[in-house]
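Note that the structure is a prediction, hence the values are computed from the model and not measured.
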2 protein chains.
Amino acid sequence: MDLYQLRYFLAVVETGSFSKAAERVFVTQPTLSAGIKKLEHALDQVLFLRGRKGIALTDAGRALLPRARTIIAECNAAKADMLPEAPRRRLRLGIGRSLPAERLAPLLRDYREAEPKDELVIRDGSEDDLAGWLAQGRIDAAIGTGPAPDGQGVALFRWRLMLATAADGPYAGRSAITLEDLDHVASIVRSHCDCLGEVTRELIRRGIRPRIVCRTDSDEKALRHVAAGLGVVLVPDLYRHPGVRLVALAEPSFGRTVSLRWHGRPTPVLESFRLFATSHDWTADGDGASARLGWAR
Amino acid sequence: MDLYQLRYFLAVVETGSFSKAAERVFVTQPTLSAGIKKLEHALDQVLFLRGRKGIALTDAGRALLPRARTIIAECNAAKADMLPEAPRRRLRLGIGRSLPAERLAPLLRDYREAEPKDELVIRDGSEDDLAGWLAQGRIDAAIGTGPAPDGQGVALFRWRLMLATAADGPYAGRSAITLEDLDHVASIVRSHCDCLGEVTRELIRRGIRPRIVCRTDSDEKALRHVAAGLGVVLVPDLYRHPGVRLVALAEPSFGRTVSLRWHGRPTPVLESFRLFATSHDWTADGDGASARLGWAR
DNA sequence: CCGTCTTACGAATGCCGTAACTATA
DNA sequence: TATAGTTACGGCATTCGTAAGACGG
């Protein structure tokens, strides 16, 4: 067992792929692959299930994960301890309200562990807030769905609206639905949804009238109502909730590309964060279990 | 920075010397020396002060120590996690009452970190107790001053009786005293002391009569009384107490050799523990600060 | 055919041991 | 002279990159 192997291991877990992990640790993909193999051999355990859908942790891998995290975090902290008075780098980061916190948390935690000396200051707000703060220099960068000026932003991932329905409800078995299926259906409206305008316009254009049973600006409440069978709701596919199944919206697809964007010349700490964010595994769940794990269980 | 370097680092701290550390990690001494140098270079910090009296940790070394401990402990634990159902090895260890617990604790902690799967069961008792338990097979090994049958014991370290006196008291400035100096001096008697018989016999033979002001079987109480100026007391040189200075007993030297001993054929776990105990730094304080540090401060 | 991971091979790095050296007591 | 640590040098393991192969969508 060796430190670099644990770094490779964490990189694979955090990026969700061998190739992206290789980028993150600045080696070629075969080199990283060999490193993981060495680690697996040293522990005499298979750590990842390599499947066409991606990478999944085995039980042994899950057992190793928290230990690897603390080992690498302690190493980084030890190195940080030794550089006294390094000018503290700060990154003020604005985050769009529409992004679920549990998706962002792993990225922030991973970054803090990798760069313990950097200070991350998070603030969330609407897309308008973010644009304003960015222009005023009150934040250094923003993660959201707003447009990025040329060369001052990178796409991170894309989400699409999906229909959230009770796991035992009428649509639970369907692989996809269309807007027409929503006519007269008991529906919940997330009043803060980024796509609300587009969707209602399209519904009106097609003469579809869902039966609104609840309006809320809380995603959590909306999903709980769905789980309870009150109705259905359109949510970004990032969300997960017990008792709720997500069904794809077939024909007109509503969605947003979430990007990291900034204003002016990127600072060093921003470059470092950008490297992390662009190679992050956005499909993973907040607790480290992979969303792709479905195929492995 | 690399794992093997941290292992070297811990070995040096725990054994108090480069040579003994090299034995412990099964490399030659130059190899270990180079490893430490690599670590110091990687962290850009001097970790050890090499003096003629031994090794002392620098501030940087002290800062690194707890992190190195958790890193290595987590690594060992991770490896241990991967071997499920390894037949749990148990070592029942008897410890003589005369040994201060704070001297033994570092050894036990270090061993537990190095071999997290092994189970250490500690029991303390008098030397007679230890001998009896050992013969009955109720403990696997004993650490104490009793004699070891041939080939069934190894010496660990030797202590001598020293005079404990108040730091601001009359003897505090002396480098050594003789028994004669104790005539009519206010003295405390540790009634459980291993050497009590020898000492009193010698005092009587010489016609020396200290003035007994307190009898106790608590080392802690005795030393507190000394610090308060009640009198002096003879204690093993292992002891430390705030406000108490130890002065050597010049001419007749009373002492004991502490050894690890067992009965019959040593088990594998005992061999493993013996390796640790024989290369342990018995001069170090319980909190990891070195007793030899005097020369470095 | 592209994306993803594995296998194969040559080069460079670096760990390790032996041996010689230095310094203190 | 003995003990403790450092420096010098050669052997060998291993990490890394490049290139080619296997595998599925």
Hits for side-chain hydrogen bond (donor to acceptor under 3.5 Å, both in side chains) against A:E115, two or more places apart or cross-chain, chain-then-number order -> none

What integer distance in Å separates A:L6:CG from D:dT15:P? 13 Å

Residue set satisfying side-chain hydrogen bond (donor to acceptor under 3.5 Å, both in side chains) with B:Y111, at least two apart, ordered chain then number -> B:D118, B:S272

Between the side chains of B:T165 and B:R245, is a donor N or O closer than 3.5 angstrom to an acceptor N or O? no

Distance test, side-chain N/O of A:Y8 to OP1/OP2 of D:dT15, below 4.0 Å: no

Is the shortest side-chain N/O distance from A:T31 to OP1 or OP2 of D:dT15 below 4.0 Å? no

D:dT15 phosphate, OP1 or OP2, under 4.0 Å from A:K38 side-chain N/O: yes

Rounded to whole Å, how long is the line connecting atom OH of A:Y4 with atom C1' of D:dA13? 11 Å

Please list, in 5' to 3' order, the outermost nucleotides of DNA chain C lying under 4.0 Å from any heavy atom of chain A. C:dT4 to C:dT7

Between D:dG17 atom P and A:L32 atom CG, what is the distance in whole Å? 10 Å

Atom CD1 of B:I36 and atom C1' of D:dA4 are separated, to the nearest Å, by 15 Å

May I have the distance from B:R50 (atom CZ) to D:dA4 (atom P), rounded to whole angstrom? 16 Å

Rounded off to whole Å, could you give me the CD-to-P distance for the B:Q29 and D:dA8 pair? 15 Å

Starting from the C-alpha separation in whole Å, work towards a yes-or-no answer on side chain to side chain donor-acceptor pair (under 3.5 Å) for B:R24 and B:S279. CA-CA 7 Å; B:R24 168 168 294 192; B:S279 63; 3.0 Å; yes

Touch class at under 4.0 angstrom, heavy-atom based, for A:T28 against every strand present: base

Nucleotide D:dC16, atom C1' - distance to CD of A:Q5 in whole Å: 14 Å

Which atom of B:M1 lies closest to which atom of A:L3, heavy atoms considered: O-CD1, 4.0 Å

Starting at atom CG of B:D281, determine the distance to atom P of D:dA4, rounded to an integer number of angstrom. 13 Å

